[in-house]
Amino acid sequence: MRIAVCMKQVPGVSEGSMDPRTGVLIRTGLSAVTNLYDRSALEAALRIKEQQGGGIHVFTMGPGKAEEVLREAYAMGADHGYLISDRAFGGADVLATSYTLMQAIRSAGEYDLIVCGRQTTDGDTAQTGSALAAWLGWQQLNWVTRLEVKEDQILAVCRMEEGTAEVTAPLPCVAMVERESFIPRMPSLKLKMKGRKMPVTVISLQELEDAVPEHYGLKGSATRVKKIFAPKGAERKELVYKSGVEGAAYILELLKDTGQETGI
Amino acid sequence: MRREKEAPWSGILVYVQCRRGELHPCSPELIGEALRLAEQSKEEVWVLGIGSGMEKVQKELQGYPVSRIFLYETDDLFLPGWYASLAAGCIRETRPSVVLIGGTLEGRALAPRLSVEFRTGLTADCTALAMDPDGNLIQTRPAFGGNVMASIVTEKSRPQFATVRPGVMEPVPRGKGFSPVCFVKSVFSEEKTVKITIREDETKGVAIGDCRLLVAAGRGVKKKEDLEMLYHLAEILGGELACSRALVEKGWMPPERQIGISGNSVRPECLITFGISGTVQFMAGMRQAKRIIAVNSDPEARIFQIAHHPICGDLYEIVPELIQSVEKEAGYQSGGV
């Protein structure tokens, strides 16, 4: 069983800034952490490995600093880490990012399963995993709350609009897991020590089958940020000070005013 | 390769989610937004539906002032690969400039596959859309946890895919006298490699995203037992109790009740928060609420910056009084429902 897990380094606080000219995220001077949803992706993969055996390879795309994500993954139990890093990859949107991931994963070998977190905390789009599945031409499982492998089939429980669904799909496939169902384990000290010395493979543009720089990064992106601006509603309403009785009466009036279907 | 001269990409296609004859409630919102955009760009609006019960769906779609409707009667439950291939076929034939998709569990799984299929741009969870004179869709969405808004364009490729969360756009009412041309096709996936069954016994969890009124509790609640009065208040107001991340981390409330970037985005008619200071993550998940009443004892609480009705006060004084007056108002016997 060969499992690939995609993980991303994101700004520690959701207070990143953008270059107003290019619309590209400015990462300098910000604390960086592993996207918390991606730790759950690794957790889901580790649980499968515990039952099935095999290896877990983690892929992260970003600047050199993103190697920290791989060290963290080693401390949780990942077997090998790939740092997808090249100037040409910078400024990628979902289309270009998912294409880069597909190229990088293919360059590393064959996989039976790719696990992604449901979303990142910076982009917040929840699209990259599905786009990756599309590039590969694989089936995808979204909003996964349980994941098991039986022979060459994947058994999953997924959230759907209709309720909870039990899904059986053939391998290979891409699974995007929900955080609550895969609370990540604590990194072990032993693995952490070992992980410090484990090698990391850097994948740059030249290692990819498609090494045309225009297919990646900002140039390979279909979307462009035209402008950024402060959200509306910045004008602040006047604060009122209320005691218990006054406060209750005040809120009740507001609720009556809101009226519809609140049962009052 | 034979290459015919192809028609330019034009028109706005709305993907509507259909299941067993039911249209997803966000469909009239997407159609409404498409019609508004089409007025700016002088384009046609078409509807694409994939799912089951299309005869009923067809009736449900009567009365919307759209030009054409394409319905695919197919496998009952959503299969991303299969649905994407059907949608792609329709898009290839109709060549729309813009495709709007609901930001539902289904829509958000489907849209990325389509954008890759057409090697084009997709913008998630747009909160505002507009057309520029060149036919570019100006897609606005919050970025970085809602601290800034970004306007995003897909300039060089078509179609332009955008998802919009339910509850964001104004729905269009059904009118009389509109009978759009409707094309219905029956197609079923040949290979049943993916099997889906819905668990029948499953009791649906609370979906705070669907509530019109929400009461939300935060760190200002001192003990788990104190949540009882807030659950009670939410109930008598006909809503649900939600919370900030702090209470989920304490293990006092389940994650499905959490509002925020790591929880749920909510857009109720009315949201009343008690003891929530308003982290960036929290506010990104509730900024769209129509009316925000915020109660906090700290006059500097960040939530007061966006609340429509900021109230500095003690929740432990206000909540019991509010429960009493609501019950009195509703004609309940004091102390019991």
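Throughout, a chain's letter reflects where its sequence line sits, starting with A, and its residues are numbered from 1.
Considering every non-hydrogen atom in both V116(B) and L95(A), the closest pair reads CA-CD1, 3.9 Å. E269(B) approaches T258(A) most closely through the heavy-atom pair O-CG2, 4.3 Å. Counting all heavy atoms, side chain and backbone alike, L105(B) lies closest to M160(A) at CD1-C, 3.7 Å. A pairwise comparison of heavy atoms in G137(A) and R113(B) identifies C-NH2, 4.2 Å as the closest pair. Taking each heavy atom of P170(A) and T193(B) in turn, the nearest pair found is CD-O, 3.4 Å.
Here R291(B) is the residue among R291(B), Q139(B), E317(B) with the most heavy-atom pairs under 4.5 Å with chain A. Contact count against chain B (heavy-atom pairs under 4.5 Å) is highest for A133(A) among S98(A), A96(A), A133(A). Between chain B and the residues T168(A), I154(A), V167(A), the largest count of heavy-atom pairs under 4.5 Å involves T168(A). Annotation: maximal heavy-atom pairing with chain A below 4.5 Å, among E106(B), H24(B), R141(B), occurs at R141(B). Annotation: maximal heavy-atom pairing with chain B below 4.5 Å, among L141(A), L254(A), V157(A), occurs at L254(A). For the set I272(B), T154(B), I196(B), T197(B), the count of heavy-atom pairs under 4.5 angstrom toward chain A peaks at T197(B). Interface remark: of the candidates L122(B), L110(B), D125(B), L122(B) forms the most heavy-atom pairs closer than 4.5 Å to chain A. Note: Q139(A) leads Q153(A), Q139(A), M176(A) in heavy-atom pairs under 4.5 Å with chain B. Looking only at heavy-atom pairs under 4.5 Å with chain A, the residue among G121(B), A124(B), S151(B) that has the most is S151(B). Contact count versus chain A (heavy atoms, under 4.5 Å) is highest, among K156(B), E117(B), R119(B), H308(B), for R119(B). Between chain B and the residues S221(A), A131(A), A249(A), the largest count of heavy-atom pairs under 4.5 Å involves A131(A).
For W143(A), the part sitting under 4.5 Å from any heavy atom of chain B is the side chain, from C-beta outward, and nothing else. The contact between I138(B) and chain A is made entirely by side chain atoms (from C-beta outward), counting heavy-atom distances below 4.5 Å. With a 4.5 angstrom heavy-atom cutoff, Q17(B) touches chain A only via side-chain atoms. Using a 4.5 Å cut-off between heavy atoms, P254(B) makes no contact with chain A at all. Contacts of A109(B) with chain A are made by both backbone and side-chain atoms, with heavy-atom separations under 4.5 Å. Of the atoms belonging to L239(A), heavy atoms from both backbone and side chain fall under 4.5 Å from chain B. There is no contact between T279(B) and chain A, counting heavy-atom distances below 4.5 Å. For E238(A), the part lying near chain B is the backbone, with the side chain staying farther off; criterion is any non-hydrogen pair under 4.5 Å. Y99(A) does not touch chain B: none of its heavy atoms, backbone or side chain, sits under 4.5 Å away. At a 4.5 Å heavy-atom cutoff, the contact between V295(B) and chain A is made by side-chain atoms alone. Only the side chain of S157(B) comes within contact range of chain A, with at least one heavy atom under 4.5 Å from a heavy atom of that chain. Contact of V94(A) with chain B is not made at all, since no heavy-atom distance falls under 4.5 Å.
Rounding to the nearest 0.5 Å places CD of E166(A) at 13.0 Å from NZ of K195(B). Atoms CD and CG, from Q140(A) and L79(B) in turn, are 10.5 Å apart once rounded to the nearest 0.5 Å. For the atom pair CD of E161(A) and CZ of R19(B), the computed distance is 8.0 Å after rounding to the nearest 0.5 Å. The line from OG1 of T223(A) to CG of L137(B) is 12.0 Å long, rounded to the nearest 0.5 Å. Here the straight-line distance linking atom CD1 of I251(A) with atom CD1 of I311(B) works out to 4.0 Å at 0.5 Å rounding. Taking CD1 of I152(B) as the reference point, atom NZ of K226(A) lies at 12.5 Å (rounded to 0.5 Å).
Heavy atoms of other residues, nucleotides or ligands lying less than 6.0 angstrom from CD of E300(B) number 12 at most.
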Worksheet entry | Stepwise side chain to side chain contact (heavy atoms under 4.5 Å, CB included) check, I293(B) with Y250(A) | CA-CA 10 Å; I293(B) 303 171; Y250(A) 181 67; 5.9 Å; no

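Salt-bridge check for R20(B) with E162(A): failed, with every basic side-chain N at 4.0 Å or more from each acidic carboxylate O.
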